[in-house]
Amino acid sequence: MSELTIAVCPGSFDPVTNGHLDIIERAARIFDLVIVSVSRNSSKIPLFTIDERMQMLKESTSHIKNVEIDAFDGLLVKYAKRRNAQVIIRGLRAVSDFEYEFQMASMNHKLNDEIETLFMMTNNDYAYLRSSAVKEVASLGGCVRDLVPEIVLKELRHKFSNTVSTERGNYDE
Ligand code: PNS
């Protein structure tokens with residue numbers, strides 16, 4: 001029997017965006033199992049708790065059968081090995097991502113050269129999309145409806161006490 005192909009898709013997911021979902025959906029067409037894993041030890045101050053982020057990921061990926069949502073502590077390569085993953089998937093948006101991603105992939109390769117990092121080009125529609133921009137726009141009452149799954153829109157509205165707009169095209173309100 002051939003071995004299952006397992007990929008880990010790690011990140012902060014604070015919160016998950018349509019750009020993340022696009023990468024997760026495409027990865028799920030290639031691998032038998034995609035483990036989307038939220039990092040517990042991020043240096044960034046998060047808006048959402050780990051549990052909230054996992055719940056939003058669970059709801060927005062419930063239509064994809066071979067996706068599992070998890071969280072991890074410590075080194076990513078150790079976690080990937082423990083989960084029997086052969087591959088780490090990262091989405092690449094623009095040239096500006098490259099330096100950081102290159103450093104991370106090189107470090108991970110140095111730590112464990114049996115785990116490959118694979119980059120997927122982000123869909124053009126989401127090339128500019130980052131969770132931090134979504135949070136900023138939402139906190140200032142701008143419309144993020146086309147950029148995040150429904151559940152995230154709901155949670156953002158909750159966090160920012162209804163300042164989040166749901167109407168398209170009212171960016172200067
Ligand atoms: O969504 P992000 O914030 O760009 O994800 C970054 C993440 C979580 C993938 C990265 O910070 C990570 O892998 N952290 C775990 C610690 C680790 O393994 N560091 C060594 C590689 S530099």
Side-chain angles (χ1 to χ4, degrees), residues 5-28 30-31 33-61 64 66-139 144 147-149 151-153 155-156 159:
T5 56
I6 302 176
V8 167
C9 187
S12 305
F13 301 106
D14 185 39
V16 58
T17 67
N18 287 346
H20 292 129
L21 277 186
D22 172 60
I23 296 289
I24 295 167
E25 280 169 2
R26 284 159 56 202
I30 300 171
F31 295 93
L33 175 64
V34 175
I35 305 170
V36 180
S37 203
V38 181
S39 169
R40 289 185 188 276
N41 54 352
S42 172
S43 52
K44 305 169 197 166
I45 298 168
L47 174 65
F48 293 101
T49 66
I50 298 283
D51 286 348
E52 287 171 331
R53 284 181 263 165
M54 288 178 73
Q55 191 52 39
M56 287 186 278
L57 276 164
K58 273 183 193 151
E59 289 197 29
S60 50
T61 60
I64 322 171
N66 55 333
V67 166
E68 180 190 319
I69 308 302
D70 195 12
F72 74 102
D73 281 308
L75 284 178
L76 175 59
V77 287
K78 283 196 178 173
Y79 169 76
K81 187 167 183 212
R82 199 166 68 244
R83 297 301 319 262
N84 296 317
Q86 303 91 348
V87 167
I88 293 167
I89 293 278
R90 294 286 289 172
L92 265 190
R93 285 165 299 205
V95 181
S96 51
D97 277 347
F98 185 77
E99 178 96 18
Y100 168 65
E101 294 295 337
F102 184 74
Q103 281 175 13
M104 206 157 62
S106 307
M107 181 59 82
N108 285 334
H109 186 261
K110 182 106 188 122
L111 293 168
N112 186 339
D113 63 6
E114 287 175 2
I115 296 174
E116 286 294 338
T117 299
L118 290 189
F119 294 107
M120 291 179 75
M121 292 298 296
T122 304
N123 183 315
N124 273 347
D125 292 346
Y126 309 123
Y128 62 96
L129 183 56
R130 1 175 44 101
S131 299
S132 52
V134 164
K135 287 182 282 191
E136 184 173 317
V137 170
S139 72
V144 291
L147 310 177
V148 293
I151 175 69
V152 174
L153 193 65
E155 293 302 324
L156 283 169
K159 283 275 180 208

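Atoms within each ligand, like the ligands themselves, are counted from 1 in listed order.
- In terms of protein heavy-atom proximity, atom 21 (C) of ligand 1 is closest to Asn108 OD1, 3.3 Å.
- Regarding atom 19 (N) of ligand 1, its nearest protein heavy-atom neighbour is Leu75 CD2, 4.0 Å.
- A donor-acceptor contact shorter than 3.5 Å links the side chain of Gln86 to the backbone of Ile6.
- A salt bridge links Asp14 with Lys135: at least one charged nitrogen is closer than 4.0 Å to a carboxylate oxygen.
- Ligand 1 is approached by Gly74 to a heavy-atom distance shorter than 4.0 Å.
- With a 4.0 Å cut-off on non-hydrogen atoms, Val77 does not touch ligand 1 at all.
- Panel note: side chain Thr122, backbone Ala127; no donor-acceptor pair is recorded below 3.5 Å.
- Residue Gln103 does not touch ligand 1, judged by heavy-atom distances below 4.0 Å.
- Using 4.0 Å as the threshold, Lys44 has a heavy atom nearer than that to some atom of ligand 1.
- Proximity of Ser12 to ligand 1, defined as any heavy-atom pair under 4.0 Å, is shared by backbone and side chain alike.
- Asn41 CG: more than 12 foreign heavy atoms inside a 6.0 Å radius.
- Side-chain contact check for Tyr79 and Ser37: at least one donor-acceptor pair (N or O, by modelled atom type) lies under 3.5 Å.
- Counting only distance, with no hydrogens or angles, the side chain of Arg93 and the backbone of Gly19 share no donor-acceptor pair below 3.5 Å.
- Under 4.0 Å is where a charged nitrogen must lie from a carboxylate oxygen, and between Glu68 and Arg83 at least one such pair does.
- Counting only heavy atoms of the protein, atom 8 (C) of ligand 1 lies nearest to Ser39 CB, 3.4 Å.
- Of the heavy atoms in Phe13, none comes closer than 4.0 Å to ligand 1.
- Remark: among candidates Met104, Arg90, Arg40, the nearest residue to atom 5 (O) of ligand 1 is Arg90, based on non-hydrogen atoms.
- Nearest protein neighbour of atom 18 (O) of ligand 1, counting heavy atoms only, is Leu76 N, 2.8 Å.
- We find that Lys159 and Glu52 are joined by a salt bridge, their nearest charged nitrogen and carboxylate oxygen being less than 4.0 Å apart.
- Under a 4.0 Å heavy-atom criterion, Tyr100 is in contact with ligand 1.
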